[in-house]
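Numbering starts at 1 and runs along the sequence shown.
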Amino acid sequence: MPQASKGELTRNKILRDTNEFFNKNGINSTITEIGQQTGLGKSKITNYFPKKEILFKAILEEYNEKAQHLFLQYHQGDIQFSFSWYVSYISKVMDLMYEYRAVINFSLVEDNNFEVNKHIRESYLNNKKIIHQRIEFMVNQGLIDSSLLDQSEFNVFVLQYYSVASFWINIFQRVESERSYFESKPDYLKAILACFNPYLTKKGKEEKSKAVEEFFAQEEA
């Protein structure tokens with residue numbers, strides 16, 4: 001792998017430090033304030049990102065690239081779907097969302113940015129296809145009742161699932177003042193998985209319960 005240039009390292013540092021700044025202070029600060037409080041300086045930031053909107057978009061794109069890399073990491077080759085695999089994947093996605101929580105939260109509630117809204121629509125449609133493929137795997141393995149593949153059932157399910165899996169980070173930011181992310185994470189992960197509960201077969205219930213129990217046992221070890 002070629003070594004990153006000085007310019008690339010500087011750009012990455014700006015994105016990293018600004019993302020951390022947004023997580024701690026929100027996204028309403030100006031580039032001048034960001035430069036002062038991070039020690040980067042306004043001129044260094046604007047040399048790479050002339051406007052705050054460009055900087056924000058670059059951080060969101062960095063998150064998307066990492067999310068895509070994570071997806072490919074978990075979906076290489078012939079996938080043998082199991083709840084253990086799925087719980088591990090969802091956990092990693094949640095950790096990544098927490099790392100970029102400020103920009104994600106803003107993108108979820110901001111309704112005046114065409115580019116952000118376009119990305120959310122594209123992400124929803126793409127995820128809908130992926131979720132359908134996962135459910136087909138689960139039905140074939142006897143984990144999920146085939147009724148979930150009915151179009152009307154699936155449409156309702158995917159709205160519920162996508163809402164919980166996407167907006168948990170917004171709820172966490174707003175209501176979890178007394179618990180840390182890692183203290184709260186089990187509840188939010190279980191809430192995402194609970195979307196499957198009405199459709200689980202006996203085998204699915206047993207495997208899901210075992211996977212969740214084993215995962216959190218390893219997390220606590």
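For Ala58 against Leu15, the heavy-atom pair with the smallest separation is CB-CD2, 3.7 Å. Of all non-hydrogen atoms in Lys128 and Asn155, the two that sit nearest each other are NZ-OD1, 3.3 Å. Here the closest non-hydrogen pair linking Leu40 and Lys13 is CD2-CE, 4.1 Å. Of all heavy-atom pairs between Arg179 and Ser184, the closest is CB-OG, 3.3 Å. Nearest heavy-atom pair across Glu183 and Glu178 is OE1-O, 4.2 Å. Scanning all heavy atoms of the two residues, the minimum distance from Cys195 to Phe157 falls at O-CE1, 3.3 Å.
Put simply, the side chain of His69 never gets that close to the backbone of Glu65: no donor and acceptor are under 3.5 Å apart. Without hydrogens or angle criteria, Thr10 side chain to Lys6 main chain gives a donor-acceptor distance under 3.5 Å. Side-chain atoms of Thr201 come within 3.5 Å of backbone N or O of Leu143 as a donor-acceptor pair. Listed for the Ser84 side chain is no donor-acceptor partner under 3.5 Å among the backbone atoms of Ala211.
Proximity of His75 to Tyr89: side-chain heavy atoms (C-beta onward) are separated by under 4.5 Å at one or more points. You'll find the side chain of Leu149 reaches within 4.5 Å of the side chain of His132, heavy atoms only. Between Asp17 and Ile34, every side-chain heavy-atom pair lies at or beyond the 4.5 Å cut-off. With contacts defined as side-chain heavy-atom distances shorter than 4.5 Å, the pair Val212/Val87 qualifies. Using a 4.5 Å cut-off on side-chain heavy atoms (C-beta onward), Asn64 and Leu60 make contact. Within the 4.5 Å cutoff, side-chain heavy atoms of Phe83 are placed close to those of Met138. No side-chain heavy atom of Lys185 sits less than 4.5 Å from a side-chain heavy atom of Ser180. A 4.5 Å side-chain heavy-atom check between Val139 and Asp145 finds every atom pair outside the cut-off.
With hydrogens and angles left out, the side-chain atoms of Asn12 and Glu8 include no donor and acceptor closer than 3.5 Å. A donor-acceptor pair shorter than 3.5 Å cannot be found between the side chains of Lys205 and Asn197.
Within 6.0 Å of the CD atom in Glu213, the count of heavy atoms belonging to other residues, nucleotides or ligands does not exceed 12. The number of heavy atoms from other shown groups lying within 6.0 Å of CD (Gln73) is above 12.
The distance from atom OG of Ser88 to atom CD of Glu214, rounded to the nearest 0.5 Å, is 12.5 Å. Within the model, atoms CE of Met94 and CD1 of Ile192 stand 5.0 Å from one another, a figure rounded to the nearest 0.5 Å. Between the OG atom in Ser209 and the CG atom in Leu193 there is a gap of 11.0 Å [rounded to 0.5 Å]. With rounding to the nearest 0.5 Å, the separation of CD1 in Ile59 from CD1 in Ile54 is 12.5 Å. Distance CD1/Ile104 to CG/Asn23: 9.0 Å, rounded to 0.5 Å. Once rounded to the nearest 0.5 Å, the distance linking CD1 of Ile135 with CD of Glu153 reads 10.5 Å.
Under the side chain to side chain donor-acceptor pair (under 3.5 Å) criterion, no residue pair touches residues 35-48, with sequence neighbours excluded. Among pairs with a residue in residues 157-175, those fulfilling side chain to side chain donor-acceptor pair (under 3.5 Å) read Tyr86-Tyr161, Asn105-Asn170, Asn170-Arg174, at least two apart in sequence or across chains.
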Exercise. Does the pair Arg101 and Phe106 meet the rule for a side chain to side chain contact (heavy atoms under 4.5 Å, CB included), with working shown?
Worked result: CA-CA 9 Å; Arg101 57 193 177 277; Phe106 182 78; over 6 Å; no

Go through the steps for Glu207 and Lys210 under the test salt bridge (charged side-chain N to carboxylate O under 4.0 Å, His left out), then give the verdict.
CA-CA 5 Å; Glu207 184 173 317; Lys210 181 180 178 182; over 6 Å; no

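If you chain together hydrophobic residues whose side chains sit under 4.5 Å apart, Ile169 and Phe167 fall into the same group. Under a hydrophobic-cluster definition in which Ile, Leu, Val, Met, Phe, Trp and Tyr are linked whenever side-chain heavy atoms come within less than 4.5 Å, directly or via other members, Val156 and Val164 are assigned to different clusters. The hydrophobic cluster containing Leu9 does not contain Ile45, counting ILVMFWY residues as joined when their side-chain heavy atoms lie under 4.5 angstrom apart, directly or transitively.
Between Tyr100 and Tyr63, the ring planes are tilted. Angles from 30° to 60° get that label. Ring pair Tyr98/Tyr181 is parallel by interplanar angle, where below 30° counts as parallel and above 60° as perpendicular.
Proximity of the aromatic rings of Phe56 and Phe49 is defined here by a centroid distance below 6.0 angstrom, and this criterion is not met.
Look at Arg16 and Glu62 and you find no salt bridge, because none of the NZ, NE, NH1 or NH2 atoms lies under 4.0 Å from a carboxylate O.
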